[in-house]
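Below is one structure; the comments refer to it alone.
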Amino acid sequence: MNIFKEYGQATKLFIRAMVEKGDLPEGLPLERISAEPPRDPSHGDIAINAAMVLAKPAGMNPRDLAQKIVTELEKFEGVEKAEIAGPGFINLTLRNKSWQTQVKLVLAEGEGYGGSSLGVREKVNLEYVSTNPTGPLHVGHVRGAVFGDALANVLEKVGYEVTREYYVNDAGSQIDTLARSAYHRYGEACGKDMGELAEGMYPGDYLWPVGHALKEEFGEKYLEAEEDQWLAIFRDRATAAMMELIRGDLEVLGIKQEVFFSETKLHEGGGIDRAIEFLEKKGLIYEGVLEPPKGKLPDDWEARPQTLFKATEFGDDVDRALKKSDGSYTYFAADIAYHYDKLERGFKQQIDVLGADHGGYVKRLKAAVKAMSDGEAVLDVRLCQMVRLTKNGKPYKMSKRSGDFITMRDVVDEVGRDVVRFIMLTRKNDAPLDFDFDKVTEQSKDNPVFYVQYAHARVHSVLAKAKAAFCNEKFDDYSLQQADFELLDDDSELALIKAIGQWPRVVEQAALSHEPHRIAFYLYDLAAEFHSLWNKGNDNTSLRFIIEGEAELTKARIAMIVAFARIIGSGLKVLGVEPRQEMH
RNA sequence: GGUCCCGUAGCUCAGUUGGAUAGAGCGCAAGAUUCCUAAUCUUGAGGCCACAGGUUCAAAUCCUGUCGGGAUCACCA
């Protein structure tokens with residue numbers, strides 16, 4: 001249970017009661033009431049803004065209103081004191097017991113602690129990665145992949161039903177290029193001199209096995225054949241092979257998406273026609289000529305009539321072309337159809353995770369979804385900024401193993417999956433991120449992954465020592481729930497416990513704002529709280545976790561740090577990182 | 001030129017969807033250390049939150065404009 005929410009709800013109940021009694025007018029903006037931890041801990045545990053938010057619409061003095069609420073809140077058993085501060089804040093100080101109980105809750109609920117049913121099982125479609133199937137994942141793709149996956153986890157934790165999806169761009173001209181590149185390798189596999197690989201082809205050696213497989217399958221059948229005889233089939237085989245490769249890459253990162261949606265199927269199955277027809281019925285399609293873009297014109301710009309979608313009616317800057325001059329559909333048309341398909345599958349909440357280079361694409365996507373759903377569905381597009389690879393602060397070039405880029409596997413091989421995943425979430429998605437190969441593997445506070453893991457490992461170690469010191473006591477989660485939590489009354493212990501109590505709130509906020517990085521930052525802060533407490537035990541041995549001869553006290557403290565470790569564990573799980581028992 | 005993102009401590013960045021005296025880490029200065037081990041902790045110095053207006057009880061946060069940095073810009077994908 002989220003303790004902040006609890007008191008926020010309670011406040012709202014009082015207000016409603018007051019409205020019913022006629023003490024307050026109807027129609028107050030109750031949704032603006034928040035119960036949050038105050039920035040300054042000396043202000044108490046929970047700050048409620050109700051009086052300030054409601055004073056004006058209620059036509060009351062904020063402090064008078066606050067006084068009424070305070071009188072009610074004071075009656076709560078868990079509240080030690082409630083006071084009015086500043087312009088009308090209501091500051092609650094909870095009894096220690098209210099916090100200490102959280103420890104027991106964590107142990108009882110285990111990984112479920114921090115979860116909620118906020119999402120009421122609403123379906124969310126989360127599309128991420130979606131790289132062109134023309135080669136293995138490279139570093140640039142990792143961030144979006146990790147971001148999307150962690151976001152999916154967070155959303156699930158608060159009760160959304162998330163579908164993790166990958167849009168396979170297997171229809172464009174880049175696939176023809178892929179097929180031709182594969183053909184080149186096929187020729188070579190057959191022992192023919194193919195000369196130099198033409199400009200613009202995919203040079204990576206990951207196409208070698210594809211060439212060989214094609215030789216296995218077709219022998220020399222297509223060696224002298226015209227392109228139109230083999231192109232389609234090579235496209236098909238090469239894409240399948242690339243998707244196989246990409247799935248393998250994703251698995252290395254620990255990512256599993258359940259839907260792989262093919263653009264080609266959209267073309268072949270008439271999905272695009274259907275979506276366009278749908279828009280046409282709404283009167284949102286017309287033939288027209290676009291204004292030339294402002295500023296510098298592209299060299300080959302010319303006015304031409306096109307099939308256009310009225311994107312401007314839904315917030316876009318210009319209307320967007322749906323057909324090329326040869327009559328075939330544009331990429332955007334396919335994308336409209338794809339999002340239409342998501343709507344047909346019942347997704348009112350859609351999230352696309354894209355690279356920052358797609359920034360200019362966001363408005364038209366949102367416009368399309370808005371238009372097709374009559375504003376019923378929401379599309380959120382999260383853009384992930386660049387990752388700059390560095391080593392010791394200098395731009396880093398790795399040996400290029402497959403073609404002309406650094407692959408995701410290169411990075412994971414070098415530093416490990418957990419490090420990659422965690423570091424990718426130590427920055428907001430829309431801020432660029434430096435990935436320094438030295439820093440991320442360094443064992444120091446500088447490196448958040450290490451810092452958090454270290455705290456977790458310390459708990460594990462203490463637990464083992466406690467078991468050895470008290471062989472007659474049990475330290476499993478159930479036994480620990482029976483501990484006397486009121487013994488945890490030192491300020492620094494309470495500080496750790498209060499930090500633990502923030503977890504449900506953090507999860508909720510990360511989920512609602514679609515910002516999984518908040519989890520990573522929270523875990524770091526939480527770990528800091530633990531390390532701090534640990535070191536107090538160095539100064540003052542009475543604050544150590546294991547106190548010889550004091551079984552009850554030791555049990556309570558072990559319960560506290562085990563609860564701490566559970567939070568770290570479930571937080572890391574959300575990020576897709578394995579918590580470590582030891583650091584060596 | 002249009003659009004989107006960014007501008008917070010010397011550096012790298014958080015900032016609880018508008019809250020009270022703006023926070024961490026690195027670096028700098030001083031100190032501590034037998035539970036995981038100087039891998040950690042404590043204390044200190046360091047800020048016109050780019051700038052100017054506006055909205056209100058309250059703005060780093062929302063709106064407008066200016067300046068600076070990045071991305072992107074008709075049929076590509």
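Letters A, B, ... mirror the listed sequences (proteins, then strands); counts begin at 1. Fair warning: this is a prediction, and the values are worked out from it, not measured in the lab.
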Does the ring of Tyr331(A) meet both stacking tests against the six-membered base ring of C76(B): centre distance under 5.5 Å and plane angle under 30°? no

ring centroid sep under 5.5 Å plus plane angle under 30, Phe89(A) with A20(B): yes

Have a look at [X] and say if it touches a base, only the backbone sugar-phosphate, or nothing, with a 4.0 Å heavy-atom cut-off.
{"X": "Glu31(A)", "value": "nothing"}
{"X": "Ser461(A)", "value": "base"}
{"X": "Tyr361(A)", "value": "base"}

Strand RNA chain B as a dot-bracket string - pairs counted if Watson-Crick or G-U with both distances under 3.5 Å, | where the partner lies in another strand: (((((((..((((.....[...)))).(((((.......))))).....(((((..]....))))))))))))....

With 3.5 Å as the limit, what N/O pairs link the protein to nucleotides 43-49 of chain B?
none

C5(B) to C63(B) separation - P atoms, rounded to the nearest Å: 9 Å

Return the polar atom pairs (N/O with N/O) between nucleotides 11-14 of chain B and the protein under 3.5 Å, or none.
from: U12(B); atom 1: O2'; to: Arg427(A); atom 2: NH1; distance (Å): 3.1
from: C13(B); atom 1: O5'; to: Arg427(A); atom 2: NH1; distance (Å): 3.4
from: C13(B); atom 1: O2'; to: Arg427(A); atom 2: NH2; distance (Å): 3.4
from: A14(B); atom 1: OP1; to: Lys428(A); atom 2: N; distance (Å): 3.1

Does the base of A38(B) carry an N or O that pairs as donor and acceptor with the side chain of Asn535(A) under 3.5 Å? no

Can you check whether Asn538(A) has a side-chain N or O nearer than 4.0 Å to OP1 or OP2 of U40(B)? no

Report yes if a side-chain nitrogen or oxygen of Lys363(A) is closer than 4.0 Å to either non-bridging phosphate oxygen (OP1 or OP2) of C5(B); otherwise report no. no

Counterpart residues, side chain to side chain contact (heavy atoms under 4.5 Å, CB included), relative to Gln67(A) (two or more places apart): Val70(A), Thr71(A), Ile84(A)

What nitrogen or oxygen pairs link the protein and nucleotides 57-65 of chain B at under 3.5 Å?
from: C57(B); atom 1: OP1; to: Lys56(A); atom 2: NZ; distance (Å): 3.0
from: C57(B); atom 1: OP2; to: Lys56(A); atom 2: NZ; distance (Å): 3.1
from: A60(B); atom 1: N6; to: Arg39(A); atom 2: NH2; distance (Å): 2.8

Can you name the ring pair (Phe, Tyr, Trp, His ring centres under 6.0 Å) partners of Tyr286(A), sequence neighbours left out? none

